[in-house]
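Reviewing the structure listed below.
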Amino acid sequence: MNATPTHKDSPSRTALVEELMGRFPHVPREAVIKEDLLRGGMAFDESALSGTADGGSGDVKPKSYFIFSFDHRTLPELGAAALNRPPEEIVLTGGPYELRRTVVSVRVNPDSPYVVRGGEDGSLGLYLDGRRISDVGLPPMPEYYRHTLSNGKSVMEVAPTIQWGYLIYLTVFRVCQYFGAKEECQFCDINHNWRQHKAAGRPYTGVKPVEEVLEALEIIDRYDTAGTSRAYTLTGGSITSKVAGRDEADFYGHYAKAIEERFPGRWTGKVVAQALPRDAVQRFHDYGVRIYHPNFEVWDRRLFELHCPGKERYVGRDEWHRRILDSTEVFGARNVIPNFVAGIEMAEPFGFTKVSEAIASTQEGLRFFMSHGVVPRFTTWCPEPTTPLGKANPLGAPLEYHIRLLETYRATLEEFGLSSPPGYGPAGPGRAVFSVSSFMDSLEGLEQPES
């Protein structure tokens with residue numbers, strides 16, 4: 001690549017981005033841009049919207065709101081982007097930074113300095129502070145989205161795909177039983193996202209019947225002739241009592257059992273659920289799940305207690321971590337991949353005020369898990385406006401935190417001789433498809449071939 005361009009008179013965002021590219025040359029510049037888009041969102045000119053209000057019309061794959069809103073405004077505040085959906089993801093290439101192909105999840109922020117719009121020749125570009133910094137590609141409408149279930153529901157509503165078609169995201173329970181200010185995770189808008197879609201009159205099924213999931217998967221399997229979809233994730237809100245007469249392991253597990261019986265070996269089965277006792281984790285495995293994501297959210301003890309009050313009340317941080325390690329006896333350490341929400345370490349009013357302190361805390365957590373062979377992954381925090389942390393921190397965490405985290409994450413993997421986790425597609429800049437953080441973009445040379 002050429003040297004990073006410099007612009008002495010650039011507006012501050014461009015100057016900051018280029019300064020960080022210069023300070024952290026070992027972090028791919030693609031990841032610097034991607035993290036800034038994920039932490040702060042992007043705006044859309046109307047001409048760059050998907051061209052569809054729902055599932056299967058138009059030429060561009062629309063944003064499905066597969067679990068959270070991942071927006072910086074509520075639907076009523078998004079204007080045209082609420083009626084004419086933005087794309088699910090965009091892909092960046094070229095421009096003055098010579099970006100390699102970079103897949104980015106769309107998080108809408110009308111006030112962002114990043115704008116997706118057409119140029120004079122009509123081609124879409126990403127503009128930062130008014131200057132075009134990359135070409136933009138939009139995800140094509142997949143053929144399977146053009147077909148509906150027998151009851152008329154869209155495949156996008158029941159079984160949307162993300163990560164440029166790699167992952168089928170099955171949010172089979174659209175709300176969380178950690179409810180209210182004393183139980184909900186302070187960064188999570190799953191319950192509000194449910195409410196806003198229902199209020200807008202959009203289809204947004206609360207509990208997805210297993211028969212609908214299987215029918216949607218049949219359509220995907222039939223029309224995904226290239227085999228782009230490689231994995232599915234089963235998830236939804238936490239279950240503290242029962243749903244449809246089943247506890248959490250049996251509720252999410254019975255979907256996996258049905259999928260594996262109908263489509264043996266077609267996709268890698270993953271589940272995002274609470275850190276459950278070993279016997280419940282064993283049931284997940286018996287049902288056919290092969291990768292387990294018991295998310296630990298944030299490492300620091302005080303912040304876990306404050307930001308995850310329901311999880312602290314029902315399970316507790318120490319027990320949560322103990323269960324994560326116990327689950328490696330069932331799945332193997334490589335297949336236990338807890339997520340954390342990168343950035344909430346610095347959320348006011350309780351978070352760290354210095355980037356170095358936040359990184360040190362998170363590194364402590366990474367070293368704890370990686371010393372046991374467990375490789376966490378992370379989602380870049382989007383400060384959704386209906387959440388307590390989003391309201392108090394509309395700008396999210398500093399970009400420098402996210403860049404230093406990528407550097408620290410890679411260094412810790414190398415320290416323990418570990419590689420990229422399975423179920424996330426290829427690693428490295430220009431190859432990664434994981435779209436809600438840049439950790440896979442930053443792991444060139446540390447890729448473990450998927451089984």
Side-chain angles (χ1 to χ4, degrees), residues 1-22 27-52 58-63 70-73 78-82 84-141 162-165 380 382 399 402 429-438 441:
M1 286 187 182
N2 296 332
T4 301
T6 58
H7 301 274
K8 293 182 179 179
D9 298 323
S10 297
S12 60
R13 199 71 206 165
T14 299
L16 174 64
V17 166
E18 293 185 352
E19 187 259 336
L20 289 169
M21 286 179 177
V27 174
R29 62 183 67 185
E30 292 85 357
V32 176
I33 297 293
K34 181 170 174 174
E35 286 299 307
D36 210 16
L37 288 167
L38 291 172
R39 58 161 293 283
M42 63 188 84
F44 282 84
D45 183 84
E46 286 194 39
S47 63
L49 296 173
S50 71
T52 180
D59 297 323
V60 176
K61 184 182 186 182
K63 180 168 177 170
F70 281 136
D71 283 335
H72 290 252
R73 298 288 185 275
L78 289 182
N84 187 5
R85 296 192 189 205
E88 184 76 78
E89 295 152 330
I90 59 173
V91 64
L92 309 177
T93 53
Y97 307 119
E98 299 180 354
L99 300 181
R100 291 162 286 186
R101 184 178 187 273
T102 305
V103 181
V104 187
S105 178
V106 166
R107 300 174 173 188
V108 183
N109 180 2
D111 296 327
S112 173
Y114 293 92
V115 181
V116 179
R117 61 178 173 85
E120 292 182 1
D121 62 355
S123 65
L124 285 183
L126 178 67
Y127 291 76
L128 173 58
D129 298 326
R131 169 174 165 262
R132 187 175 178 122
I133 63 166
S134 92
D135 298 332
V136 169
L138 302 179
M141 181 72 76
I162 58 173
Q163 297 171 28
W164 220 256
T380 301
C382 177
L399 179 58
H402 293 285
R431 302 185 66 232
V433 295
F434 187 67
S435 58
V436 295
S437 85
S438 301
D441 302 75

If I compare all heavy atoms of [X] with all of [Y], which pair ends up nearest, and what's the gap?
X	Y	result
Ser112	Gly41	OG-O, 2.8 Å
Val103	Ala432	CG2-O, 3.9 Å
Pro62	Met141	CD-CE, 3.8 Å

**Request:** Kindly indicate, with the supporting measurements, whether the criterion side-chain contact (heavy atoms from CB on, under 4.5 Å) is fulfilled by Val106 and Phe44.
**Result:** CA-CA 10 Å; Val106 166; Phe44 282 84; 3.6 Å; yes
**Asked** Any luck finding a side-chain donor-acceptor pair between Ser437 and Glu35 under 3.5 Å?
**Response** no
**Message:** Just by distance, no angles: are the side chains of Tyr97 and Glu18 close enough, under 3.5 Å, to form a donor-acceptor pair?
**Reply:** yes
Can you confirm whether [X] sits close enough to [Y] that some side-chain heavy atom of one is under 4.5 Å from a side-chain heavy atom of the other?
X	Y	answer
Ile33	Met21	yes
His402	Thr380	yes
Pro429	Arg29	no
Val32	Val27	yes
Thr102	Lys34	yes

Return all side-chain donor-acceptor pairs below 3.5 angstrom for residues 115-122, not counting sequence neighbours, or 'none' if the list is empty.
unit_1, atom_1, unit_2, atom_2, d
Asp121, OD1, Ser123, N, 3.0
Asp121, OD1, Ser123, OG, 2.7
Asp121, OD2, Ser123, OG, 3.2

**Asked** Can you check side-chain contact (heavy atoms from CB on, under 4.5 Å) on Leu92 and Arg101, steps first, answer last?
**Response** CA-CA 6 Å; Leu92 309 177; Arg101 184 178 187 273; over 6 Å; no
Measure from the side-chain N and O atoms of [X] to the backbone N and O of [Y], and report whether any donor-acceptor pair falls under 3.5 Å.
X	Y	result
Glu30	Leu99	no
Glu89	Trp164	yes
Asp71	Val108	yes
Asp135	Gly125	no

**Prompt:** How long is the gap from NE2 on His72 to CG on Leu78, to the nearest 0.5 Å?
**Reply:** 10.5 Å
**Fill in**
Separation between OH (Tyr114) and CG (Asp129), nearest 0.5 Å, reads 8.0 Å
**Prompt:** Taking 4.0 angstrom as the limit, do Glu88 and Lys63 come out as a salt bridge?
**Reply:** no
**Prompt:** For the side-chain contact (heavy atoms from CB on, under 4.5 Å) test, which of Val136, Ile90, Asn109 pairs with Met42?
**Reply:** Ile90
**Request:** Among Pro140, Pro87, Pro86, find the residue that satisfies the side-chain contact (heavy atoms from CB on, under 4.5 Å) test when tested with Val60.
**Result:** Pro87
**Request:** Taking salt bridge (charged side-chain N to carboxylate O under 4.0 Å, His left out) as the test, write out the residues that go with Asp36, two or more places apart.
**Result:** Arg13, Arg39
**Asked** Could you go step by step and tell me if Leu38 and Ser105 meet the side-chain contact (heavy atoms from CB on, under 4.5 Å) rule?
**Response** CA-CA 7 Å; Leu38 291 172; Ser105 178; 4.1 Å; yes
**Message:** Walk me through whether Ile133 and Tyr127 qualify under side-chain contact (heavy atoms from CB on, under 4.5 Å).
**Reply:** CA-CA 6 Å; Ile133 63 166; Tyr127 291 76; over 6 Å; no
